[in-house]
Protein chains: 4
Amino acid sequence: MTTDRRTAILDAAERLFAESGFDATSTARVAAEAGAPKGLVFYYFPRKIDLLLALLDERLPAHDPAEAATVAELGDPAGSLVRLDRLLGLGEHSSLTLRTIVFRESGTHPEVARRLLALRSGLVALTEAVLDLTVGVVLDPELRSQAAHTFVAVMLDRASTGRAGGPAPDAAGPARLVSLAVQAAH
Amino acid sequence: MTTDRRTAILDAAERLFAESGFDATSTARVAAEAGAPKGLVFYYFPRKIDLLLALLDERLPAHDPAEAATVAELGDPAGSLVRLDRLLGLGEHSSLTLRTIVFRESGTHPEVARRLLALRSGLVALTEAVLDLTVGVVLDPELRSQAAHTFVAVMLDRASTGRAGGPAPDAAGPARLVSLAVQAAH
Amino acid sequence: MTTDRRTAILDAAERLFAESGFDATSTARVAAEAGAPKGLVFYYFPRKIDLLLALLDERLPAHDPAEAATVAELGDPAGSLVRLDRLLGLGEHSSLTLRTIVFRESGTHPEVARRLLALRSGLVALTEAVLDLTVGVVLDPELRSQAAHTFVAVMLDRASTGRAGGPAPDAAGPARLVSLAVQAAH
Amino acid sequence: MTTDRRTAILDAAERLFAESGFDATSTARVAAEAGAPKGLVFYYFPRKIDLLLALLDERLPAHDPAEAATVAELGDPAGSLVRLDRLLGLGEHSSLTLRTIVFRESGTHPEVARRLLALRSGLVALTEAVLDLTVGVVLDPELRSQAAHTFVAVMLDRASTGRAGGPAPDAAGPARLVSLAVQAAH
DNA sequence: TATGAATGAGTTTTCATTCAT
DNA sequence: TATGAATGAAAACTCATTCAT
């Protein structure tokens with residue numbers, strides 16, 4: 001299936017960027033790892049940053065608030081949030097490495113930063129939808145927003161922790177916490 | 001006070017590393033920004049990475065669990081957490097930039113990763129101490145840990161969000177949420 | 001009428017070579033500007049230099065001394081020279097850009113240099129013919145040659161001046177000067 | 001005297017740029033020709049174009065209208081103009097090559113174009129001064145300007161002609177012509 | 001303790017040209 | 001007659017690091 005050379009290059013880039021970071025990975029190494037000549041990398045991706053942008057556009061899934069219904073179960077916010085996390089695969093390796101890159105480069109490349117912001121707000125909206133479907137009552141919008149932001153922050157924060165070599169925390173803890181808080185407010 | 005050339009170099013490095021990342025900042029630029037000759041940078045910091053390590057060792061404050069007492073107020077977990085955040089200056093610019101660096105480079109440099117882990121666990125311990133002093137009852141250790149991890153994750157996550165150009169969230173939201181959750185569990 | 005792809009390619013090359021120079025214009029850019037696929041450029045013009053050569057052969061008009069009669073008016077050398085300039089369109093944009101190219105590349109490509117020389121001597125012959133038809137008397141051959149060379153040099157020099165952003169001088173000044181000189185010598 | 005490495009690099013650049021043109025000369029070749037490592041070229045001249053700019057600033061002599069007095073002789077405009085040409089060394093090889101470059105690159109690099117314009121207007125002013133000192137009468141300003149522009153245009157035009165392999169015309173022809181014209185007008 | 005010229009390996013990027021289809 | 005993916009040599013430029021002074 002590696003007939004598609006463009007795909008092979010993206011595969012190599014994803015792997016190497018995640019391993020060593022964007023700046024520390026040379027385009028020459030990407031080419032070598034992909035078994036492609038150096039020139040071909042620039043044939044498909046005129047600037048090095050286009051390699052990263054293509055990765056984000058083509059491999060970071062966009063999140064649709066409608067997905068909320070597939071995981072939400074009335075009366076079980078904690079379980080629903082855990083299922084949401086699993087559905088999105090936020091804890092999976094491929095997604096993690098990609099997000100690691102996004103974090104790291106967002107400070108340097110505005111186009112990357114924009115995508116990080118979009119990713120986050122999509123996740124927050126999705127989380128709010130899940131909360132709405134799980135808690136019986138109508139939630140105070142502010143509390144709902146705080147809860148969603150908190151949950152998402154913890155989920156995304158795992159990219160940093162994972163990289164640092166610590167234990168990769170699962171979603172259960174924050175899910176339980178958010179659930180408790182939301183239910184406590186009636 | 002900038003008679004100290006070594007300090008001037010570290011100041012410049014801190015600023016530039018936070019702005020553009022470690023890899024993308026040349027030692028020449030650090031020297032220029034510090035108003036020092038290029039040779040002097042290598043006189044004080046034989047390898048480039050030593051600049052970063054010195055920054056972390058000398059400018060990332062260690063957190064002492066004893067500080068908990070100075071902000072905790074029985075019966076007001078939310079307010080106490082907000083005060084804790086302010087005490088540590090986690091939202092302040094200088095601290096944020098330094099943490100931005102740590103985040104970004106922890107994937108690439110093991111020595112940096114180690115420090116990130118240490119920073120995080122120090123903060124978690126401190127947060128747990130605050131919770132103990134604020135909630136009247138003895139908390140379930142697991143819940144307490146989850147609450148502390150969640151709060152810390154959100155606090156640290158601000159470094160990413162800030163960088164990405166989004167609104168820098170304050171500590172009030174997560175503090176309220178954690179407070180609600182912890183009190184809900186009696 | 002641009003069904004003719006070859007013509008479209010030459011049009012694009014002419015424009016781009018004049019704007020940015022031969023070396024600084026890539027064949028890919030020529031193809032893009034012409035709306036043609038890259039391969040087609042090399043189908044018609046096997047080497048890049050063939051593009052330039054074709055331009056010179058097909059678009060640099062050769063000058064026939066017989067044209068002198070159409071502009072010369074006995075007793076009015078100055079006016080005749082101005083009309084000559086207009087006839088040849090030396091001040092016109094398309095001619096100017098082409099000559100700009102010839103100037104620039106003649107140092108680098110011998111084949112181009114040869115054509116510049118031919119262009120110049122054709123113009124000098126034409127100018128001499130005009131002078132002969134305008135001045136009543138038989139001119140000293142040396143003076144006539146000097147006058148013609150001077151007029152042509154100024155005309156051609158406009159390509160440089162124009163490019164440099166200065167005011168594009170018209171033909172009236174040098175025409176008057178040459179006329180004065182030639183008539184002064186009886 | 002080639003202890004000065006910077007000078008050696010400039011020497012090499014001047015020679016090669018004149019020979020092959022700016023674009024066609026690689027910085028690597030400049031370094032090799034100068035016997036310097038590639039990096040040193042960029043140490044002194046951060047961008048390739050800076051090499052050219054330094055050449056123009058340091059090696060193209062500025063012309064002072066006061067120099068007019070040293071060549072002008074009342075009653076001998078033609079001879080004075082020839083002496084002016086010799087004084088300025090406009091026909092000399094080193095000056096010619098440098099001006100060749102200026103011509104060629106002025107279309108592409110605005111900073112170079114600016115210098116070409118300045119060079120030309122300096123020469124025109126100088127030529128006008130010479131005419132004033134040589135012709136006994138007060139010249140019509142317009143005629144004087146036309147005469148000066150014409151003389152300068154021919155002088156500068158030699159750079160093109162010389163490059164193209166033709167005979168390098170001397171200053172005598174145009175000097176005589178200008179002289180005749182100016183004197184004819186009383 | 002200070003300095004800045006020097007070095008060369010390495011980086012991103014460009015591009016004319018080829019060639020199978 | 002047309003096409004566009006493929007190639008690799010070479011370009012400009014960067015930079016950590018060394019070292020004589």
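In what follows, every chain begins at residue 1, and chains take the letters A, B, ... in the order their sequences are listed.
Not one N or O on the side chain of B:K38 forms a donor-acceptor pair closer than 3.5 Å with the backbone of B:A32. Between the side chain of C:D57 and the backbone N or O of C:A54 there is no donor-acceptor pair closer than 3.5 Å. Judged by distance alone, with hydrogens and angles left aside, the side-chain atoms of A:K48 form no donor-acceptor pair with the main-chain N or O of A:S26 at under 3.5 Å.
Between A:R29 and A:L16, the shortest heavy-atom contact is NH2-CD2, 3.4 Å. Taking every heavy atom of both residues into account, C:L40 and C:A36 meet most closely at CD2-CB, 4.4 Å. Between C:S20 and C:A24, the shortest heavy-atom contact is O-CB, 3.2 Å. For the residue pair C:I49 and C:F22, the shortest heavy atom distance occurs at CA-CZ, 3.7 Å.
Looking at D:D11 and D:R5, no side-chain N of the basic residue comes within less than 4.0 Å of a carboxylate O on the acidic one, giving no salt bridge.
The side chain of A:S26 sits closest to E:dT12 out of E:dA16, F:dT3, E:dT12.
Scanning DNA chain E for stems, defined as runs of 3 or more consecutive Watson-Crick or G-U wobble pairs whose donor-acceptor distances all fall under 3.5 Å, gives the following ranges: E:2-21 with F:2-21.
Atom CZ of C:R29 and atom P of E:dA16 are 12 Å apart (whole Å). In this entry the distance linking CG of C:D23 with P of F:dA10 reads 16 Å, nearest Å. Nucleotide E:dG4 holds its P atom 16 Å from the CZ atom of D:R6, rounded to whole Å. Atom C1' of nucleotide F:dA12 and atom CG of D:L52 are separated by 16 Å, given to the nearest angstrom.
Using a 4.0 Å heavy-atom distance criterion, C:T27 is classed as a base contact.
A heavy atom closer than 4.0 Å to some atom of DNA chain E occurs in C:F42, C:R47, C:K48, these being the qualifying members of residues 37-48 of chain C.
Residue D:R5 has a polar side-chain atom (N or O) positioned under 4.0 Å from OP1 or OP2 of E:dT7.
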